[in-house]
There are 2 protein chains.
Amino acid sequence: MSKQELEIVKPDGCCGTVSPAPLDAEQAVELATVFKALGDPVRLRLLSMIASREGGEVCVCELTPAFDLAQPTISHHLKLLRQAGLVDCERRGTWVYYWALPATLDRLAGFLRTSVNA
Amino acid sequence: MSKQELEIVKPDGCCGTVSPAPLDAEQAVELATVFKALGDPVRLRLLSMIASREGGEVCVCELTPAFDLAQPTISHHLKLLRQAGLVDCERRGTWVYYWALPATLDRLAGFLRTSVNA
DNA sequence: TCGTTGTATCGATGTTGGTCGATGCAACCT
DNA sequence: AGGTTGCATCGACCAACATCGATACAACGA
């Protein structure tokens, strides 16, 4: 995706030298997928409702009526959160329960931390 | 945006009671705007290049040739990062310099932290 | 077994977003 | 002043996405 990874061509002598890109293209694609999953208000609230729950589990039957959206729409957003590795789910009898996966959240926090401390 | 904020109607007696939504709709919209800005590999790398820089400033003339994209495209991504409050810029003579705004990154990290610790 | 309920998937649709060429503007140089 | 370079904005195009109704599937109850 990048044109020149090692040999950076500067216009002339405008600024200092370039340190190697701190985030390669591959890592950026993976991270962006997760951030994109958080880039929607509905999904943010869904994740917040799931993660902030005592016991760590929430039934879909509680999540769906909390929004002014159709049921397939909520199901779609939950699927995106799942594909991003932010939550997982399990069917137990009639209902499906969702819980958060802290490892993925930690990964995002790690990126933000290194960016802040730079 | 939400149908019922206080009175949650549950199907019957499937699960426990609902704690108040930990992230209201308004906060979710604001946070999602910032996360959305990070939901693109190019912007993620741009921010990383800017934030991880000694001195904290990077000239646009260094950022543009680091990608296989047209100059207006990079300018567009930088604009989105600006509008999200993640970076700011200043023109000094011929060149424009960008730097990161840690406060916004901290805000995101705060959300992730509360979600992890729930 | 049949109807009912909870959830996911499918297909369609309107909107948003990434990308680019063309253009405009600002600052420098001669 | 005129030409050049760095960067932003504009307008257009195509892909991706959010949303919904219809439908399918799974589990339960009668």
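Residue numbers start from 1 in every chain, and the chains themselves are labelled A, B, ... in the order their sequence lines are given, proteins ahead of strands. Given the structure is predicted, the values throughout are model-derived calculations rather than measurements.
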*If we only count heavy atoms from C-beta on, is the B:Leu78 to B:Leu63 side-chain gap below 4.5 Å?*
yes
Rounded to whole Å, CD of A:Glu62 lies from P of C:dG6 at a distance of 13 Å
- prompt: Taking atom CD of B:Glu90 as the centre, does the number of heavy atoms from other residues, nucleotides or ligands within less than 6.0 Å exceed 12?
  reply: yes
From CH2 of A:Trp95 across to P of C:dT4 the rounded distance in Å is 18 Å
inquiry  = Is there a side-chain contact between B:Thr73 and the phosphate of C:dG18, meaning an N or O under 4.0 Å from OP1 or OP2?
reply    = no
A:Leu78 atom CG is separated from C:dT7 atom C1', nearest whole Å, by 10 Å
In whole angstroms, the gap separating P of C:dA8 from CG of A:Leu46 amounts to 11 Å
Open item on the list: Between B:Leu23 and B:Leu31, does the side chain to side chain contact (heavy atoms under 4.5 Å, CB included) criterion hold? Intermediate values first, please.
Closed with: CA-CA 10 Å; B:Leu23 192 65; B:Leu31 268 181; 4.3 Å; yes
Among the nucleotides D:dA27, D:dG6, C:dA8, whichever has the atom closest to the side chain of B:Thr94 is D:dG6
- Message: Categorize B:Leu80 for me: base, sugar-phosphate, or nothing, with a 4.0 angstrom heavy-atom threshold over every strand shown.
- Response: sugar-phosphate
| said: Regarding B:Ser75, tell me which of base, sugar-phosphate or nothing describes its non-hydrogen contacts under 4.0 Å with the strands shown. | reply: base
Review point. Using a cut-off of 4.0 Å on non-hydrogen atoms, how would the nucleic acid contact of A:Leu63 be classed: base, sugar-phosphate, or nothing?
Key: nothing
note: B:Leu81, atom CG; C:dG18, atom P; distance rounded to Å ~ 11 Å
| Is a donor on one side and an acceptor on the other found under 3.5 Å between the side chain of A:Thr64 and the backbone of A:Gln71? | no
side-chain N/O B:Arg43 vs C:dG18 OP1/OP2, d < 4.0 Å: yes
Heavy-atom nearest nucleotide on DNA chain D taken for A:Gln71 and for B:Arg91; more 5' hit belongs to B:Arg91
Closest of C:dA8, D:dT19, C:dT19 to the A:His77 side chain is D:dT19
Here the distance between atom P of C:dA27 and atom OH of B:Tyr97, to the nearest Å, is 14 Å
Whichever of A:Pro72 and A:Gly93 has the more 5' nearest nucleotide on DNA chain D, that residue is A:Pro72
Of the listed D:dT19, C:dG18, C:dG21, the closest approach to the B:Ala70 side chain comes from C:dG21
From CD of B:Glu90 across to C1' of C:dA26 the rounded distance in Å is 15 Å
Checking A:Arg53, A:Arg82, A:Glu57, A:Glu62 against A:Tyr98 for side chain to side chain donor-acceptor pair (under 3.5 Å), the one that qualifies is A:Arg82
Picking from D:dT19, C:dT7, C:dG18, the nucleotide nearest the side-chain atoms of A:Cys61 would be C:dT7
In whole angstroms, the gap separating C1' of C:dT16 from CZ of B:Phe35 amounts to 20 Å
